[in-house]
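Below, all heavy atoms of this structure are taken into account, side chains as well, without hydrogens, waters or symmetry copies. Given the structure is predicted, the values throughout are model-derived calculations rather than measurements. Proteins get letters first, then strands, A, B, ... in listed order; numbering begins at 1 in each.
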Number of protein chains: 2
Amino acid sequence: MTGTDGRPTTTQDARRNDTVAAVVRQWQTVHPDLDTGPMEIIGRVNRCAALLQQAEDAPLRRAGLSRPEFDLLGALRRTGHELTPGELARETFSSGAAVTKRLKALTERGLVERRGDARDRRVAHVRLTDTGRDLVDGILPEQLAYETSVLSGIDPTQRDELASLLAGLLGRLEGLAGVLRP
Amino acid sequence: MTGTDGRPTTTQDARRNDTVAAVVRQWQTVHPDLDTGPMEIIGRVNRCAALLQQAEDAPLRRAGLSRPEFDLLGALRRTGHELTPGELARETFSSGAAVTKRLKALTERGLVERRGDARDRRVAHVRLTDTGRDLVDGILPEQLAYETSVLSGIDPTQRDELASLLAGLLGRLEGLAGVLRP
DNA sequence: AGCATGTGTTTTACTTGTAAACATTTTTGT
DNA sequence: ACAAAAATGTTTACAAGTAAAACACATGCT
């Protein structure tokens, strides 16, 4: 089945039925001369991210963790070794000050430990405690299961296509960020 | 040109070269049994949104506006009529309390005005001042021009495909939100 | 009319992030 | 070797969001 413009309508005209489409139509009537094309992508990326964060935090809340905290623990878990606060900040894309605060809270809860560096006494090395590791390993499958259920409405071919296109966009954005921040 | 698995490589194997791909690979080596497929989409959506917010706010900062403030003004501009605080909250996907604070700041800056309702004296009606309208109309083209330049690296066919796939995902997320919030 | 209940908005207390300043230590240049 | 510069991490002051309660008014029931 195809629409009058020949574009396939396998997603039941999703492009005409979400909130972003409505917003774009409003702008079009007020500023018919403006090219609103970028909104169709960027508006949707932003809105998807907002909704995902709302819903996705459910398994984390149960464990009493915020997502930024989980990201920090996850960085330690997936790299498999100790990281310094600075490395954690880069790895989780957050500021050093924010990492300092999170580390304080997570240390008090016994999820991470710190150790000074012998050579360079400015730096600390942070590692997961056993409790912290078990917590991450317990939450991650739930998180992925939830994410899988969210994506289950999209057929595998389209999922793959979407992942590739997003990778292209992300690569471009990260390239830009690298260029724009010398 | 196609990769060894037959998938086209028009985006120069973007899927293997962004930060999310590296994270997924790390998880795979630590938990080889886990299905990390969802991360390829959801991780990228989140990361794209984060980068877009950092970079995209440039034209807004120049005008001394935060993005949530611009969203509020934009909602008034694109609907073309007055909105109540509650409607603004729904329209901009934020809490009523946040809207109250933003309205206070924007009113003090002379960008919006309030007017009481004659029938129902609980509600207020908010409208853009001429200054506010001019500000939105001045910023929007800059914003769209920047967004266009970000997306210019992706060819039009892929842009269209990406917009459609995101619309499908967003529709599903918004449907879920509706169902999960009775 | 009088009171319970619902709705729209604001206020309050609190959480969390950021930017800028700071302290400490290392590196660099001469 | 030593002063200046850079790097690392923390502290401080502040901005902005949220949840829950408070507030103000409207509506419906008896």
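Every side chain to side chain contact (heavy atoms under 4.5 Å, CB included) that A/Arg67 has, sequence neighbours left out, goes to A/Gln53, A/Glu56, A/Asp57, A/Leu60, A/Asp71, B/Asn46. Under the rule for a side chain to side chain donor-acceptor pair (under 3.5 Å), A/Thr100 has no partner lying at least two apart in sequence or in another chain. B/Arg115 is linked by a side chain to side chain donor-acceptor pair (under 3.5 Å) to B/Glu82, counting only residues two or more places apart in sequence or in another chain. Remark: A/Asp137 engages A/Arg77 in a salt bridge (charged side-chain N to carboxylate O under 4.0 Å, His left out) (not counting sequence neighbours). Remark: A/Glu161 engages no residue in a side chain to side chain donor-acceptor pair (under 3.5 Å) (not counting sequence neighbours). Partners of A/Arg78 under the side chain to side chain donor-acceptor pair (under 3.5 Å) rule, at least two apart in sequence or in another chain, are A/Glu91, B/Gln26. Residues passing the salt bridge (charged side-chain N to carboxylate O under 4.0 Å, His left out) test with A/Asp155, sequence neighbours excluded: none.
A salt bridge between A/Glu142 and A/Arg62 is present, with a side-chain N of the basic residue lying under 4.0 Å from a carboxylate O of the acidic one. Salt-bridge check for A/Glu69 with A/Arg102: failed, with every basic side-chain N at 4.0 Å or more from each acidic carboxylate O. Electrostatic pairing of B/Arg122 and B/Asp120 counts as a salt bridge here, judged by a charged N lying under 4.0 Å from a carboxylate O.
Here the C1' atom of nucleotide C/dT18 and the CZ atom of B/Arg67 are 18 Å apart, to the nearest Å. Rounded to an integer number of Å, the gap from B/Leu103 CG to C/dT9 P is 10 Å. Atom CZ of B/Arg102 is separated from atom P of C/dT9 by 15 Å (rounded to the nearest Å). The distance between atom CG of A/Leu106 and atom P of C/dT15, rounded to the nearest whole Å, is 16 Å. Here C/dA19 presents its C1' atom at 14 Å from CD of B/Gln54, a figure rounded to the nearest Å.
Within a heavy-atom distance below 4.0 Å of DNA chain D, the residues of residues 69-94 of chain A found are A/Thr84, A/Pro85, A/Gly86.
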Can you pull every protein N or O that's under 3.5 Å from an N or O on nucleotides 20-25 of chain C?
residue : atom : partner  : partner atom : Å
C/dT25  : O2   : A/Arg122 : NH1          : 3.3

Got a list of protein N/O to nucleotides 3-5 of chain C N/O distances below 3.5 Å?
none

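Of the inter-residue distances, the one linking A/Asp33 atom CG with A/Gln28 atom CD reads 9.0 Å to the nearest 0.5 angstrom.
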**Prompt:** What pattern of brackets, bars and dots sums up DNA chain D from 5' to 3', given Watson-Crick or G-U wobble pairs under 3.5 Å, [ ] for crossing pairs and | for another strand?
**Reply:** ||||||||||||||||||||||||||||||
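Among the atoms of the strands shown, base atoms are found under 4.0 Å from some heavy atom of B/Thr100.
Two residues are said to be in side-chain contact when any heavy atoms from C-beta on lie closer than 4.5 Å; B/Ser152 and A/Arg172 meet this criterion. Between B/Leu34 and B/Trp27 the shortest side-chain heavy-atom distance does not fall below 4.5 Å. Residues A/Pro85 and A/Leu103 meet the side-chain proximity criterion, which asks for heavy atoms closer than 4.5 Å. Side-chain contact between B/Phe93 and A/Leu51 is absent, with no heavy-atom pair separated by less than 4.5 Å. With a 4.5 Å cut-off on side-chain heavy atoms, B/Arg44 and B/Thr19 do not count as touching.
Nearest-nucleotide positions on DNA chain D place A/Lys104 closer to the 5' end than the other of A/Arg61 and A/Lys104. The residue among A/Pro68 and B/Val123 whose nearest nucleotide of DNA chain C is located toward the 5' end is B/Val123.
Nucleotides of DNA chain D with any atom under 4.0 Å from a heavy atom of chain A span, from 5' to 3', D/dA7 to D/dA13.
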